[in-house]
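Because the structure is a prediction, the values reported are computed rather than measured. All heavy atoms count here, side chains included; hydrogens, waters and symmetry mates do not.
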Amino acid sequence: MLLSLHDERYAVTIGLLSGPDGSSSLFISSPGGLADERGEFLRLPHVSTPGEVAHALCRLARAADRRAVEKHLQEATAERRHAASSFPGERIVVLDLETTGLDPDTDRIVEAAWLLADHRALAWDSVLINPGVPIPEDAYDIHGIDDTMARNDGVSPRDAIVELTGILAEQIADGATLVIFNRTYDLPLLDAECRRHGLPTLADRLGRPVQVVDPMRISQQTRYHRGNHALSDLADLYSPGNLAAHSALGDCLATWDALVGLCHHYGKIVVRLLFQRQEVARHDEPLTVRHLLACSNVG
């Protein structure tokens with residue numbers, strides 16, 4: 001064994017294998033992790049570069065994150081993760097994207113995920129996408145997806161966008177409320193990808209403008225004295241045990257939890273804020289999706 005690492009998220013061992021012919025290779029082992037074609041640990045040539053080893057470790061880390069999020073969601077299908085009265089609408093569909101950068105007009109999607117939920121998780125999926133352009137190092141540092149991973153495991157952007165917008169449009173048309181953390185980024189980027197590939201946007205599919213509940217804007221309006229409003233900050237408060245930051249599905253789970261937490265702790269403040277702005281008739285109205293949509297558009 002060359003190295004063994006263990007923390008609350010990952011356990012990994014790196015070692016050197018010697019063959020009967022005197023050859024050697026590196027192995028990387030993680031409980032329940034990725035394996036080679038023999039169903040064992042990952043094997044790498046002993047002359048592997050540091051970059052190749054780092055790529056293998058990122059694959060293991062992302063696989064571990066996916067298993068952890070899947071465990072949370074599977075548990076949330078069997079029992080209520082949140083109280084039935086935790087969200088004023090019937091269902092929500094959460095969208096999250098991981099991308100090549102911060103410009104919604106020019107950057108590309110490298111991973112997309114959605115989560116349909118009420119007080120339980122109802123359905124979910126994620127897809128890795130080959131953006132067709134290099135993934136900058138600063139983006140890789142955030143989500144752990146590199147060019148090799150996207151090229152080898154990613155699907156075509158067009159196929160992914162067709163399926164994603166179709167699912168979202170179907171769920172929204174069926175009554176689900178779309179939830180996006182920082183809607184001013186993800187939705188324009190998704191629209192730009194649609195236009196890039198000659199596809200109808202989500203609004204085109206719906207035949208109307210897309211209405212979005214944005215937990216980040218709600219937090220900014222109601223928790224303005226509480227410091228940061230990043231998803232990671234709200235996840236620390238409202239998404240216990242979810243450590244898969246900046247995986248698209250992990251962020252969907254965190255967004256769901258954050259929205260429910262904000263509704264529970266700040267729902268009355270949302271209504272009072274809108275009353276002060278003369279957007280509702282009474283300061284003590286029960287919280288509704290209409291209030292959340294209005295608060296998401298304040299400012």
Side-chain angles (χ1 to χ4, degrees), residues 10 28 30 32-37 42-44 48-70 73 93-115 123-169 180-182 185-202 231 244-255:
Y10 311 120
I28 303 177
S30 178
L34 301 174
D36 61 11
E37 65 277 0
L42 286 180
R43 299 170 187 259
L44 299 173
S48 296
T49 66
E52 290 168 335
V53 174
H55 168 74
L57 290 173
C58 279
R59 289 184 64 208
L60 284 171
R62 287 183 56 80
D65 285 345
R66 174 73 188 219
R67 291 195 304 274
V69 174
E70 287 276 0
L73 292 174
V93 57
V94 184
L95 169 68
D96 188 81
L97 307 175
E98 301 298 332
T99 68
T100 60
L102 299 176
D103 188 334
D105 293 322
T106 60
D107 282 305
R108 311 296 176 87
I109 300 171
V110 296
E111 187 182 35
W114 58 271
L115 166 63
W124 60 87
D125 199 9
S126 67
V127 60
L128 185 67
I129 299 172
N130 179 1
V133 298
I135 299 173
E137 188 172 346
D138 55 352
Y140 162 74
D141 289 341
I142 293 173
H143 49 58
I145 301 170
D146 63 11
D147 293 330
T148 302
M149 191 183 304
R151 185 171 55 251
N152 293 346
D153 303 327
V155 304
S156 79
R158 181 183 177 85
D159 291 345
I161 299 305
V162 167
E163 182 174 356
L164 177 63
T165 53
I167 289 171
L168 293 175
I180 302 175
F181 198 93
N182 191 6
Y185 175 69
D186 287 52
L187 194 55
L189 197 144
L190 179 60
D191 287 346
E193 285 278 30
C194 290
R195 290 190 292 269
R196 185 174 294 118
H197 298 285
L199 299 170
T201 65
L202 185 56
L231 182 56
H246 296 297
S247 72
L249 191 58
D251 284 353
C252 281
L253 174 60
T255 298

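Note that CG of Leu97 and CD of Glu111 are 9.5 Å apart. Values are rounded to the nearest 0.5 Å. To the nearest 0.5 angstrom, Phe181 atom CZ is 10.0 Å from Asp96 atom CG. With values rounded to the nearest 0.5 angstrom, Asp186 atom CG is found 9.5 Å from Asp251 atom CG. Residue Asn182 holds its CG atom at 10.0 Å from CG of Leu231, rounded to the nearest 0.5 Å. To the nearest 0.5 angstrom, Leu187 atom CG is 5.0 Å from Asp191 atom CG.
Under a 3.5 Å cut-off, the side chain of His143 and the backbone N or O of Ile145 do form a donor-acceptor pair.
For the side chain to side chain contact (heavy atoms under 4.5 Å, CB included) test, residues two or more places apart in sequence or in another chain that qualify with Thr165 are Ile161, Leu190, Cys194, Arg205. Arg196 pairs by the side chain to side chain donor-acceptor pair (under 3.5 Å) definition with Glu193, not counting sequence neighbours. With sequence neighbours excluded, the residues satisfying side chain to side chain contact (heavy atoms under 4.5 Å, CB included) with Asp103 are Asp105, Thr106, Asp107. Shown here are the side chain to side chain contact (heavy atoms under 4.5 Å, CB included) partners of Ile167, two or more places apart in sequence or in another chain: Trp114, Glu163, Gln171.
Looking at Pro157 and His197, their side chains come closer than 4.5 Å, going by heavy atoms from C-beta outward.
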>> What verdict does the side-chain contact (heavy atoms from CB on, under 4.5 Å) test give for Thr99 and Tyr185, after you've listed the backbone C-alpha separation in whole Å, the side-chain angles of each residue and the deciding distance to 0.1 Å?
In response: CA-CA 11 Å; Thr99 68; Tyr185 175 69; 2.6 Å; yes
>> Run the side-chain contact (heavy atoms from CB on, under 4.5 Å) test on Leu168 and Leu164 for me, step by step, so that the C-alpha distance in whole Å, both residues' side-chain angles and the decisive distance to 0.1 Å come before the verdict.
In response: CA-CA 6 Å; Leu168 293 175; Leu164 177 63; 4.1 Å; yes
Side-chain donor-acceptor pairs of residues 125-138 under 3.5 Å, sequence neighbours excluded:
{"residue": "Ser126", "atom": "OG", "partner": "Arg66", "partner atom": "NH1", "Å": "2.2"}
{"residue": "Asn130", "atom": "OD1", "partner": "Gly132", "partner atom": "N", "Å": "3.2"}

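Smallest separation of non-hydrogen atoms from Ala192 and Pro104: CB-O, 3.3 Å.
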